[in-house]
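What follows is one structure encoded as structure tokens, with my remarks underneath.
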Amino acid sequence: MTDGSQKNGLEEQRHLHIVTPLLESCALSVVAGTTVFLKLENVQPAGSFKIRGIGRFCQEMAKKGCKHLVCSSGGNAGVAAAYAARKLGIPVTIVLPTNASPTVLQRLEREGAEVQMVGKVWDEADLKAQELVKRDGWVSVHPFDHPLIWEGHGSMIHELKDTLGTRPGAIILSVGGGGLLAGVVAGMKEVGWQDVPIIAMETRGADSFNQTIQAGRVVTLPDITSLAKCLGAKTVCARALECARECQIISELVDDEEAVEAVERFLDDERLLVEPACGASLAAIYSGCLGRLQAEGRLSSSLGSVVVIVCGGNGIHRAELKDLQTQLGRR
Ligand code: PLV
């Protein structure tokens with residue numbers, strides 16, 4: 001063994017994610033009319049919750065002697081895979097759709113990943129990744145559809161239980177391909193919280209989970225038209241639909257305007273800048289979704305506390321926020 005591979009051996013053992021802070025937000029609590037806790041996944045290395053599951057998956061593949069990792073991604077799964085690959089000393093190729101964020105590209109460059117840009121949306125980039133992975137020793141890192149990924153994401157619920165002590169009245173999260181949802185459900189089952197309602201947020205135009213729930217079968221969207229690119233998987237994983245049958249999941253939609261407004265308000269309230277994909281979750285509170293669900297009797301009027309998974313995201317900086325505002329015709 002060389003010194004380098006000994007070091008890599010260590011990285012195969014340790015988690016690649018960190019235990020994230022859980023903060024009470026006074027500003028969001030006032031808007032919600034109940035105590036709001038923020039699980040700050042945006043401070044993870046690699047900028048989002050994705051490192052939990054993807055780190056877990058890549059470590060397993062490293063143990064099995066994988067020679068090269070390939071990850072198709074809307075952005076954040078790719079950054080997580082690139083970070084994990086660097087830590088594990090494995091070469092990596094990230095395949096992104098051509099509209100990927102410049103901030104993500106810069107981040108991938110810094111991680112030393114090879115980047116290919118293919119197709120208009122993630123699903124097209126994924127076809128390219130499936131082609132690349134046919135090479136000997138190359139392994140595909142799926143951004144959301146694998147049990148190890150769900151197991152890794154589930155660790156955030158164990159942390160929540162340790163920090164919070166009592167169970168929350170509801171958990172709010174965003175849905176893209178459904179990996180975060182599947183991971184949270186896995187974690188909730190492990191800690192005995194399977195009866196805590198989950199509010200699953202998407203933007204209109206990236207609403208593959210909502211349409212799947214309504215149809216009672218996995219539905220593929222004709223296109224992704226939302227600005228929340230990282231929620232843009234045309235089809236959710238089959239496990240997401242199973243989760244909806246096993247737990248109380250309330251699927252809700254917001255417009256891009258509401259998601260971006262939530263990003264702006266969160267920046268002012270908490271001094272943290274997140275992607276519209278995460279803004280969708282924050283909009284559950286800022287846009288009054290939570291209150292409406294309570295008024296409709298779909299959620300208890302005395303929730304006690306609510307946890308928002310602040311999933312984070314690399315695809316945002318000052319100029320990108322301005323671009324979003326321009327695209328929405330606001331500036
Ligand atoms: N983004 C995936 C899928 O994109 C990716 O490749 O990065 N919040 C953020 C900031 C995300 O980046 C994502 C997923 C989600 C939420 C939703 O997670 P999921 O896909 O596990 O439901 C097309």
Side-chain angles (χ1 to χ4, degrees), residues 39-44 46-54 57 70-83 94-97 99-101 103-104 107-108 119-126 129 140-154 156 172-186 198 200-203 205-210 212 221 224 226-241 243-244 249 251 259 262-263 266 272-283 308-316:
K39 183 66 174 157
L40 293 182
E41 290 300 298
N42 57 318
V43 303
Q44 284 289 358
S48 78
F49 72 96
K50 291 267 175 186
I51 190 59
R52 289 184 186 266
I54 287 182
F57 180 88
V70 183
C71 180
S72 60
S73 171
N76 294 309
V79 176
Y83 174 84
I94 310 298
V95 192
L96 301 173
N99 66 357
S101 139
T103 322
V104 166
R107 181 96 202 235
L108 289 171
K120 195 175 151 258
V121 294
W122 169 79
D123 304 68
E124 290 166 25
D126 188 50
S140 167
V141 185
H142 199 285
F144 52 80
D145 194 5
H146 195 283
L148 282 173
I149 306 255
W150 308 330
E151 189 187 304
H153 292 341
M156 75 178 76
I172 303 173
L173 51 75
S174 298
V175 179
L180 175 59
L181 174 71
V184 164
V185 165
I198 296 173
M201 300 299 300
E202 293 174 295
T203 48
D207 49 346
S208 43
F209 181 63
N210 187 268
T212 290
L221 300 180
I224 300 295
S226 168
L227 292 176
K229 290 178 230 164
C230 275
L231 300 185
K234 287 200 227 172
T235 318
V236 289
C237 59
R239 177 71 197 129
L241 180 59
C243 288
I249 299 178
S251 165
V263 168
F266 192 61
L272 296 168
L273 181 57
V274 294
E275 274 190 37
C278 178
S281 281
L282 297 164
V308 183
I309 311 277
V310 182
C311 44
N314 294 280
I316 188 88

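Both ligands and their constituent atoms are indexed starting at 1 by order of listing.
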Problem - CA sep, side-chain torsions, deciding dist, call: Ser251, Asn210, side chain to side chain donor-acceptor pair (under 3.5 Å) - result: CA-CA 6 Å; Ser251 165; Asn210 187 268; 2.8 Å; yes

Practice task
Would you indicate whether the side-chain heavy atoms of Ser208 and Thr235 approach each other to under 4.5 Å?
Solution key: no

Problem - Donor-acceptor contact below 3.5 Å, side chain Ser174 vs main chain Ala277 - result: yes

Exercise for the section: Write out the protein residues near ligand 1, meaning a non-hydrogen atom under 4.0 Å from one of its atoms, in order of chain and number. Expected result: Phe49, Lys50, Ser73, Gly74, Gly75, Asn76, Ala77, Trp122, Pro143, Phe144, Val175, Gly176, Gly177, Gly178, Gly179, Leu180, Cys230, Leu231, Gly232, Ala277, Cys311, Gly312, Gly313

Exercise for the section: May I ask you to check whether Trp150 and His142 place their ring centers less than 6.0 Å from one another? Expected result: no

Problem - Any donor-acceptor pair under 3.5 Å from Asp123 side chain to Lys234 backbone - result: yes

Practice task
Report yes if some heavy atom in the side chain of Leu173 is under 4.5 Å from a heavy atom in the side chain of Leu181; otherwise report no.
Solution key: yes

